[in-house]
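Remember, it's a predicted structure, so these values are computed and weren't measured experimentally. Each residue takes its place number in the sequence, starting with 1.
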Amino acid sequence: MSDLMVVAFPTEEKAEEIRKKLLDMQQEYLIELGDAVIAVKQPNGHVKLNQLFHPTASGAAYGALWGTLIGMIFLMPLAGAALGAAGGALGGALTDVGINDQFMKDAAQSLQSGSAALFLLIRKITADKVLADLQGVGGTVLRTSFDHTKEEALRAALAGAVPPAAPAAGAS
């Protein structure tokens with residue numbers, strides 16, 4: 001089961017810095033992300049989504065590849081590539097993977113103009129190590145699907161507070 005985490009930051013640059021840090025942690029197998037999207041509230045009130053995965057573009061590329069291969073069979077590789085790319089782009093546009101786009105836009109409406117929210121869909125996490133790496137980075141937790149103790153630990157880590165030491169095993 002995946003967990004959702006939404007953290008607001010004062011700027012898009014700060015949100016991007018934290019997303020990069022989390023993606024680096026993913027390379028170290030400390031966290032597994034299903035999606036990591038930055039939503040920025042524009043001065044005109046619209047919300048812009050900065051997504052890592054673009055299903056329309058990847059669908060078009062995948063469709064063009066298969067269209068070319070099938071087109072070669074019928075001696076029309078360019079027509080096959082064009083039809084495959086169009087079909088793949090359409091399929092990609094209709095596919096919404098990760099966090100629902102409309103949910104992110106609705107949630108980001110509460111942001112101040114120019115600020116950003118980092119939406120994370122977390123599949124797996126080594127919480128103690130990730131929270132230690134996020135110690136003091138700032139940000140305001142807007143929403144999570146964590147239980148209360150994990151959410152409070154996240155809030156404390158973002159604020160830079162040192163979490164209380166866990167009691168030793170066997171202590172009374």
Task: Residue among Lys14, Lys48, Glu16 satisfying side-chain contact (heavy atoms from CB on, under 4.5 Å) with Ile38 - done: Glu16
Task: With sequence neighbours excluded, residues passing side chain to side chain contact (heavy atoms under 4.5 Å, CB included) with Glu152 - done: Arg155
Taking only distance into account, with no hydrogens and no angle test, what donor-acceptor pairs under 3.5 Å do side-chain atoms of residues 103-111 form with protein atoms, sequence neighbours excluded?
from	atom 1	to	atom 2	distance (Å)
Asp106	OD1	Gln102	NE2	3.0
Ser110	OG	Ala107	O	3.1

Open item on the list: Under the rule for side chain to side chain contact (heavy atoms under 4.5 Å, CB included), what residues qualify as partners of Leu121, not counting sequence neighbours?
Closed with: Ser2, Asp35, Ile99
Open item on the list: Taking side chain to side chain contact (heavy atoms under 4.5 Å, CB included) as the definition, give me every residue that meets it alongside Leu154, ordered by chain and number, with sequence neighbours left out.
Closed with: Met5, Leu131, Val141, Thr144, Phe146, Leu158
Open item on the list: Testing the basics here: between Ser115 and Phe9, what is the closest heavy-atom pair and its distance to 0.1 Å?
Closed with: CB-O, 3.3 Å
TODO: Return the minimal non-hydrogen interatomic distance between Val40 and Ala116, and the atom names on each side.
DONE: CG2-CB, 4.1 Å
Open item on the list: Quick check for you: to the nearest 0.5 Å, what is the distance between Ile18 atom CD1 and Glu13 atom CD?
Closed with: 12.5 Å
- [ ] Enter the distance from Ser145:OG to Leu4:CG here, rounded to the nearest 0.5 Å.
- [x] 5.5 Å
Open item on the list: My understanding is that only one of Ile31, Leu33, Ile125 makes a side-chain contact (heavy atoms from CB on, under 4.5 Å) with Met25; could you say which?
Closed with: Ile31
- [ ] Identify, with sequence neighbours excluded, every residue that meets side-chain hydrogen bond (donor to acceptor under 3.5 Å, both in side chains) alongside Asp133.
- [x] none
Open item on the list: If you count heavy atoms of other groups shown closer than 6.0 angstrom to CD of Gln112, is the number above 12?
Closed with: no
- [ ] List the atom of Ala39, the atom of Leu49, and the distance in Å for their closest heavy-atom pair.
- [x] CB-CD2, 3.6 Å
Task: Contact summary for Ser113 and Pro43, nearest pair of heavy atoms - done: OG-CA, 3.0 Å
- [ ] Sequence neighbours left out, what pairs pass side-chain hydrogen bond (donor to acceptor under 3.5 Å, both in side chains) with at least one residue falling in residues 21-31?
- [x] Lys20-Asp24
Task: Side chain Arg19, main chain Ala36, donor-acceptor under 3.5 Å - done: yes
Open item on the list: Quick check: do Gln51 and Asp101 have side-chain heavy atoms less than 4.5 Å from each other?
Closed with: yes
TODO: Answer yes or no: does atom NZ of Lys150 have more than 12 heavy-atom neighbours from other residues, nucleotides or ligands under 6.0 Å?
DONE: no
